[in-house]
Each structure stands twice: as structure tokens, then as C-alpha cells.
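Every chain is numbered from 1 and lettered A, B, ... according to where its sequence line falls, protein lines coming before strand lines.
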Number of protein chains: 2
Amino acid sequence: MEVAARAGVSIKTASRALNGEGYVAHETRQRVQQAADELGYRANGMARELRLGGNTSTLIGMLGGDLGNPFYSKLASGLEREVRFRGLQLVTVNTDEDTRSEQRLTDALLERRVRALVVASTLPSHEHLAAEHRHGIPFVFVDRPPVGLSADAVLLDNRGGAHQAAAHLLELGHTRIGIVGDLSRLSTNQERVTSFGATLRAAGIADWREHLIEDAHDVDTAQRAVLDLLRRDPAPTAIFTTNNRITTGALRVLHRLPAPPALIGFDELDMGDILGVTVVTHDPENMGRQTARLLLERLDGYAGTARWVILPTRLIPRASSRRPPGTG
Amino acid sequence: MEVAARAGVSIKTASRALNGEGYVAHETRQRVQQAADELGYRANGMARELRLGGNTSTLIGMLGGDLGNPFYSKLASGLEREVRFRGLQLVTVNTDEDTRSEQRLTDALLERRVRALVVASTLPSHEHLAAEHRHGIPFVFVDRPPVGLSADAVLLDNRGGAHQAAAHLLELGHTRIGIVGDLSRLSTNQERVTSFGATLRAAGIADWREHLIEDAHDVDTAQRAVLDLLRRDPAPTAIFTTNNRITTGALRVLHRLPAPPALIGFDELDMGDILGVTVVTHDPENMGRQTARLLLERLDGYAGTARWVILPTRLIPRASSRRPPGTG
DNA sequence: TTGAAAGCGCTAACAT
DNA sequence: ATGTTAGCGCTTTCAA
């Protein structure tokens, strides 16, 4: 250690001084501190952890496909606040929904020995994590469940939420309802779409898939999908959008229409109340807290079977669903 | 290395096999690979980097006070996409605007030897980073400039944007204009407020500070501040909000009013066009790209003086500022 | 094609 | 109160 030399002490004494361990003469400590400052010295955390055996990291990794989405950022924020109490730090990485990226970033986090990993994955399978998981590093999956791997998860009641949305529209007399969905391979989307459809079918609407458009993954695509639905004859009198981005796209189209169809979106919107959009809402920050809870219990030694927490959703009726089927 | 033992080879051979270096017998490689799989082995990135001397990390750290804010998440996303081309990975940490947290997280990232650091700091000074910086690890400050330290930065033309907002309102005939600002210690806020005020003063409005409320850091506080302004007699006929959160708070109040004052907000809003809110906008993703550019040039060896990039802002007039001063 | 030894920066254990 | 030795898991260098 360069610092030790400059201060004229042994390497170990320098270490003691810098780490504030006892048994260092006042004057020595000062000399070391000064040398360190002059050199711009910073302890090498990697070497320390390497020496200490690897489970001293205070880093929790979180991996997500689209952490820019307010849903995930609120989730992360709830999680972060919770783990911070325990002296743990959250680092997040964004995979941009790119599978290769997700692989590489998972490796990077794991190789750097994060203490635990929170995964909001878009991958179709997580078997590549199985070995790691058996080795003891805790994973908690959020929003989307682990596949090919038994691990803790915090999920939404997607089926329940979609069911409420469908029931609400049926009650208002709608029978021709369009659905605009996200990537069809995503489990969240599948659950929302199929549950919504099942409720329609149970009400005697057998051909609900006629008005289903999926894979509208961004706002622009969603806009086009909604336009497509509206141009049909007869056009749907109501539309269900399966997430916040898609709802945004739908709003961009609908707000220009003199007599727009009814609208229900999954996920609350920042301006949902102002815009009067009926939504199926839930509490992302609470999701973060639940995630933290599972994580911390694992860190505290719980080694039982994987636990899944399913969080409730709630329908908030607002103006956008009050438009009766006749108006369109 | 446990794997080596299990495969019955030397530790070095195992290393070679796993890293795909040449000169390993086919059969040996397979044996090693199998042993690794069975053991759930994962290379220890810390040990590798330690051995390699420390500048092999592919991690870029980004530190922000409120990465959940769409402004920062868009910025991060622009940055991420850019560095990914270079095989670099972005990890972000959120300090929740907490000074102690910011300190600790900076240390954590630096101790883990990230390759470079992007800082959206809320600290009043960054002198503690000076030594580090001299040591060669590149910093790029975004949104808020470095203080007590000479480093690259990507900033917004806050003064210009605020000036445009003020000029726009003056042109429309407003003379009693409320301002709701963020934390007064933040340089961004100071620039926006003082520039806005200077433009008013130049137009003969000397008492503009009468209608200034600062430190409205979250949506709720902003709501209360706007209500406070509106209850005054005479109330302002227009309001300028210095960031997206505050604008959101203002909208919550104004949208319920029969004859709301005019409104201009700094930062674009997700639903800005739908809601018809006049804003001073800019391009956060581009900010991320510019940040990446400065960063990568440093990584490529540029060692010249610090460079500041100031990005333009643009006024988008929409319905919310078309409300004339007489209406309120 | 494989292996042995040394050392990256650090700290625990044991001297002194 | 301070120093020495060993070793964390890896890779580089040199040898076999």
C-alpha cells in the first residue's frame, strides 16, 4: 500500500488507521490519514470483499427490462427505502428488454457478488439462474414469476384486475370491447388478456378475440392499434388497455375524438385523476416493500420453500368508462 | 478452485478451459465445464479485476437523487443505450435526495472501481470527489454542475428556458405571475427562478418575489403552494412551475377550477399534449447521449480541460397559457 | 497441452 | 501500539 510507505508505517498499521480500528497511536493515525488524502487513496472494496470471503457485500442488485417505466421506478423506490434501513444499497440495471443484455447484466451483477438479486425479467425462462440460486444467493422475482426455477416472487393479481375491468364494462352494457395488449409472450399480459376474455365469454361474448390486438409494446404502436380498432365496422364501444404505456397511447388517440369509446387501463397513471381515466390500480411502492421483506427474511436465514406474494388490484371508476355503449 | 479438483486438473487448466483460451484438450475442457456446471460455479469478477489491475471494469455508475423522475429515467435510458454499444454497462443508484446516502453510495461505487461515474447530485459541494477525479476516473455531471471541482458536465439552458416562459406570459399581458419553485438550494431551481424574475423585472415588475414560493419539492407541497398563491388577493393571473413534479401538483389544483390562471411548466409532461399544458421542454434522451459522448471520449484518452455542454430548451405554447389575464 | 509459483489489495490471526 | 505472514480467487509468467 502506497499510503503506508508514505506515512512510514507498515501496511497493516495503515489499514488499521484508515478503518478506525483501535490500537493506533494518535499521531500515527494522523500521519496515515494525511498520506491517504494526499494520494487520493480510496480503499479497494473488491480486495476487501475478496479477503472477507464474499458475503459482506451491501449491494442488492435489481434487474429490469424497463426501469424507466414509472411502475418499476416506484417499485424500486419502495424497495430502496426499505433495504436502506438495513444498511444495504440498491443498484439497478436496465436491460432495455433485450435478452442478451439481460444475460450479460445478470452475470455482471452476480460475478460482482451482489448480496441478493431482484429480477423483473422479460426472459421466457430462468433456468440459467438455477445453479446460482441453489448456491444460496437469494432471488426475488417481481411482477413476473420465475420459470424453470423455484424462487420467491411478488406478483400482481392480474387475473382479478382484468376480471374487474371486464365486469365493469359489461355492467355498463358494453358488448363489443376492444383489447390492446403488450407483448404476447409476457406472462403479465397473457394473464390480463385471458382473464378479461374469460369474463367476456362467460357473459356470452364468444368472439372477443376479434377485437384483440397484442404486441403493442410502445406508445406509438398502441396508438396505431387503437386507431385500427376504431376504424372497424362496427367499432368497439369500449377499449381495455393492458398497461400504462398502452393506455397513454390510447389516450393520445381518444382525446381528439368527439365521441370516444369508453376506456379502462391497467396501471394507474400519473395524471389519471386529472384526465378522468378509469383504471385498474395497485400499489407499486408496496410491491417494493413486500419484495424487500422477502429478501431480508432470506438474508436473515429463512431457507424454507419459495413464497409467492400476490398483491391485490382495485378498480377506480372515472369518467372514461362512463361513456355509454350507445354514444360511440 | 473447487472446480479444478473435481475435474482432476490444475487450477490453471480449469481457468483456461472456462475462459475459452486455447491449448486445452477437448476432453479436458468438457470435463472442466461439466464440473463447473455441477457445482454451479460462477467466476469471481472481483478476484479477476483485482488481479488484472483495476481498469478492466465494464461498469459505468450513475448516481442520482431521484431516478424515479421521468426526466432522469429518460436521461439514463439515452445514456445506457449509448454505452452499451461499447460493451459497457450502466448501473444506477438512487440517493433519494439524501446527502448521507449520496456519500455512501458514491463510495460504494468508487470502491468497486466503476470505470466512470455520472453524477446527478444534490450535494452543495463535490470537493470530496476531487482527489478521485485527479486520479483519473472520469466524472460527468448532469443537470447540475460540479462545485468545487473541475469536471465535465451536461446541463440545460435553464436561464434561457425560464426567460422564454416569462417573455411568453408577459406578451400575453400577464403582470401578476406566481412562481412555484423546487428546493431553493438546487442550482437548477435558482437559475430558473432568478432568470424568470429578471425578465419580469426588466418588464417593470419589481415586486415579482411577492408571488414566489420555493421549496415545493413534491407534488403535495406544490399543490399547497399553488392553493396558497390562488387564495391571495389579488391572486396571480398566471403561474410558472419550475419542474415536472411541481407542474403536476399545480394541475391537480387548477383542473378543478372554473377559471384557472394561465400555467407554464418547466419540463415536458408525459401527457402534456393531451392536457394542453404549455411547457418549456428539452430532450432528456439527448442529454443522456451527450453525457455518453463526453464519457466515452474520456475513456478513449481525452485528458484536456473540463467541458460543459449546455443543451437548449424550447417553449411549446399550448392551451394552458392561452387563458388571458382578465379571466382569472 | 498442462502445471507451479507469484502477486493483485486487503484483513485475520498471530507475533512482537 | 505496531509488524509479519498467510491467503481470499484469479491470471500472468515461466517451466515442464
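Nearest-nucleotide positions on DNA chain C for A:Lys12 and A:Ala47 put A:Ala47 closer to the 5' end. Nearer to the 5' terminus of DNA chain D, by closest-nucleotide assignment, is the contact made by A:Arg31 (compared with the other of B:Arg42 and A:Arg31).
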Per-pair distances, 0.1 Å, donor-acceptor, side chain in residues 62-71 of chain B, under 3.5 Å, sequence neighbours excluded:
residue : atom : partner  : partner atom : Å
B:Asp66 : OD2  : B:Arg245 : NH1          : 2.7
B:Asn69 : OD1  : B:Phe71  : N            : 2.9
B:Asn69 : OD1  : B:Asn244 : ND2          : 2.7
B:Asn69 : ND2  : B:Asn244 : OD1          : 3.2

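Atoms NE2 (A:His26) and P (D:dA1) sit 12 Å apart, rounded to a whole Å. Rounded to an integer number of Å, the gap from CZ of A:Arg48 to P of D:dC10 is 20 Å. The distance between atom CG of A:Leu18 and atom P of D:dT2, rounded to the nearest whole Å, is 14 Å. The nearest whole Å value for the distance from the CD1 atom in B:Ile11 to the P atom in D:dT12 is 14 Å. As rounded to whole Å, 16 Å separates atom C1' of D:dT11 from atom CE of B:Met46. Rounded to an integer number of Å, the gap from B:Leu52 CG to C:dC8 P is 13 Å. The nearest whole Å value for the distance from the CG atom in A:Leu50 to the P atom in D:dC10 is 9 Å. Taking atom CD on A:Glu27 and atom C1' on D:dT2, their separation rounds to 13 Å, with Å as the unit.
The phosphate of C:dC10 (OP1 or OP2) has no side-chain N or O of A:Ser15 nearer than 4.0 angstrom. Phosphate contact (OP1/OP2 of C:dG3, side-chain N/O of B:Ser10, threshold under 4.0 Å): present. Checking the phosphate oxygens (OP1, OP2) of C:dG7, no side-chain nitrogen or oxygen of B:Arg51 falls inside 4.0 Å.
Considering CG of B:Asn94 and CD of B:Glu102, their distance stands at 10.5 Å, rounded to 0.5 Å. Distance CD/A:Gln30 to OG1/A:Thr28: 9.5 Å, rounded to 0.5 Å.
Side-chain contact check for B:Val83 versus B:Val118: every heavy-atom pair is 4.5 Å or farther apart.
A donor-acceptor distance shorter than 3.5 angstrom exists from the side chain of A:Arg115 to the backbone of A:Ser57, with no hydrogens or angles considered.
Among D:dG9, D:dT2, C:dT2, the nucleotide with an atom closest to any side-chain atom of B:Asn44 is D:dG9. Checking D:dT11, D:dC10, C:dG3 against every side-chain atom of B:Ala43, the shortest atom distance belongs to D:dC10.
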Quiz item: Could you go step by step and tell me if A:His126 and A:Phe139 meet the ring pair (Phe, Tyr, Trp, His ring centres under 6.0 Å) rule?
Solution: CA-CA 11 Å; A:His126 308 106; A:Phe139 295 160; 9.4 Å; no
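The shortest non-hydrogen separation linking A:Ile137 to A:Val114 is CD1-O, 3.5 Å.
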Pairs under 3.5 angstrom, nitrogen or oxygen only, protein versus nucleotides 14-16 of chain D, please.
none

